[in-house]
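Just below is one structure, and these are the notes that go with it.
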Amino acid sequence: MKTANIPNTKLTLPIEGRDHMQGNIHAPITLLEYGDYECPYCGEAYPIVKEIQERLGEKLCFAFRNFPLANAHPHAVHAAEAAEAAAAQDRFWEMHDLLFENQIALDDEDLAQYAANLGLDAKRLIQEVSSGQHEARVKEDFKSGMRAGVNGTPTFFINGERYDGPRDLETFLEALTGE
């Protein structure tokens, strides 16, 4: 008897030293997002996630994995690679935030300007993006999402379980805290 290839809706929790995380890895609540910097729905979720982080504080570990939808968003792959290049200069989260706050301006010139604004080596960042130096990392994130059944963005996992409910602040907080 052949079994169907059904995507897993359970996810390996964020991995310390591998995933981009904010908060304590041992926090009681883990929120992992698969996102695309050019996706308008990710852009809508971004300030809600920021508010959730503010409200839950040390109770939350937030992690982000790249899931650029290149067919729909032509700048998404380079934006993800720019975030990884910024990570190589210890500024992932600052670049992550700038990319979401400037979703309509993600061409390579914009990425270089954001790098410069953050005090990064902009020439190095663009060279790394242009050469595909961080392509493998972005693909690794993408493939892990595919294995977990991710097929759009944003996709969230709460403590390893996929969350497909409403993403308004109060409902999302309720799902995270169980209150």
Side-chain angles (χ1 to χ4, degrees), residues 11-39 42-43 45-70 73 75-145 148 150 153-160 176:
L11 182 74
T12 302
L13 292 174
I15 301 165
E16 194 168 14
R18 188 258 172 242
D19 284 310
H20 302 293
M21 295 182 289
Q22 289 181 318
N24 182 343
I25 186 72
H26 303 294
I29 304 167
T30 301
L31 177 63
L32 186 140
E33 175 183 0
Y34 280 93
D36 172 328
Y37 292 109
E38 199 169 5
C39 167
C42 293
Y46 168 75
I48 294 168
V49 170
K50 285 294 206 190
E51 181 63 25
I52 287 168
Q53 288 179 282
E54 182 70 29
R55 288 199 191 182
L56 294 181
E58 291 300 312
K59 295 179 195 169
L60 178 73
C61 175
F62 174 64
F64 183 87
R65 290 184 184 160
N66 299 292
F67 201 82
L69 300 172
H73 305 127
H75 301 100
V77 172
H78 272 199
E81 290 179 11
E84 295 301 329
Q89 296 183 50
D90 298 319
R91 302 295 292 273
F92 173 82
W93 289 107
E94 293 91 336
M95 182 63 84
H96 167 275
D97 292 351
L98 270 177
L99 295 172
F100 275 126
E101 292 163 7
N102 296 281
Q103 282 191 303
I104 61 168
L106 296 177
D107 62 28
D108 286 354
E109 293 79 22
D110 297 315
L111 301 177
Q113 186 59 55
Y114 303 148
N117 291 351
L118 293 173
L120 301 176
D121 181 338
K123 185 177 178 180
R124 172 183 160 192
L125 183 135
I126 289 301
Q127 190 279 325
E128 290 177 7
V129 169
S130 297
S131 71
Q133 185 170 329
H134 302 283
E135 181 180 2
R137 168 60 190 261
V138 172
K139 283 183 177 180
E140 183 182 319
D141 280 359
F142 191 88
K143 287 178 183 177
S144 79
V150 175
T153 57
T155 298
F156 292 98
F157 289 82
I158 298 172
N159 293 333
L176 285 158

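Basis for what follows: all heavy atoms, side chains included, without hydrogens, waters or symmetry-related copies. Just so you know, these numbers come straight off a predicted model, no measurement behind them.
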Between R124 and E128, is the closest basic N to carboxylate O distance under 4.0 Å?
yes
### D97/R91 ion pair, N-O < 4.0 Å
no
Here the gap from I104 atom CD1 to N102 atom CG, rounded to the nearest 0.5 Å, amounts to 8.0 Å
Closest non-hydrogen atoms of L69 and A76, given as atom of the first, atom of the second and distance, are N-CB, 4.2 Å
> Do D141 and R18 come close enough that some side-chain heavy atom pair is under 4.5 Å?
Replying inline: yes
Residues E81 and V129: closest non-hydrogen pair is OE1-O, 3.2 Å
Original post:
How are the rings of F100 and H96 set to each other: parallel, tilted or perpendicular (split at 30° and 60°)?
Top reply: perpendicular
Notebook entry, point to check: Going by heavy atoms in the side chains, are H73 and P68 under 4.5 Å from each other?
Noted result: no
d(D36 CG, F142 CZ) to nearest 0.5 Å is 9.5 Å
Distance col, row T153:OG1 vs E38:CD, nearest 0.5 angstrom, shows 10.5 Å
*Can you tell me if E101 and Y46 form a side-chain donor-acceptor pair at under 3.5 Å?*
yes
- Query: Stepwise, does the ring pair (Phe, Tyr, Trp, His ring centres under 6.0 Å) test hold for Y37 with F67?
  - Reply: CA-CA 9 Å; Y37 292 109; F67 201 82; over 10 Å; no
side-chain contact (heavy atoms from CB on, under 4.5 Å) test vs N66 passes for just one of K139, E84, H134, namely E84
| field | Side chains of F156 and Y34 in contact at under 4.5 Å (non-hydrogen atoms) | value | no
Would you say F62 and E33 make side-chain contact, with heavy atoms under 4.5 Å? yes
When every non-hydrogen atom of A105 is compared with those of Y114, the smallest separation belongs to O-OH, 2.7 Å
Between M21 and A63, the two heavy atoms sitting closest are CG-CB, 3.8 Å
Got a donor-acceptor contact below 3.5 angstrom from the Q89 side chain to the D121 backbone? yes
Quiz prompt | Pair F157-V150, side chain to side chain contact (heavy atoms under 4.5 Å, CB included): steps then yes or no | solution = CA-CA 10 Å; F157 289 82; V150 175; 3.8 Å; yes
NE2 (H78) and CG (L99) are apart, to the nearest 0.5 Å, by 13.0 Å
### Message
Do T30 and I158 make a side-chain contact, defined as non-hydrogen atoms from C-beta onward lying under 4.5 Å apart?
### Response
no
Between C61 and A27, the two heavy atoms sitting closest are N-CB, 3.7 Å
Heavy-atom neighbours of K50 NZ exceed 12 at 6.0 Å: yes
Ring centroids only, cut at 6.0 angstrom: are F92 and H20 within range, meaning strictly under it? yes
Between the NZ atom in K123 and the CG atom in L125, the distance rounded to the nearest 0.5 Å is 13.5 Å
In short, I52 meets L176 closest at the heavy-atom pair CG2-CD1, 3.5 Å
Rounded to the nearest 0.5 Å, the CE atom of M95 sits from the CG atom of L120 at a distance of 5.5 Å
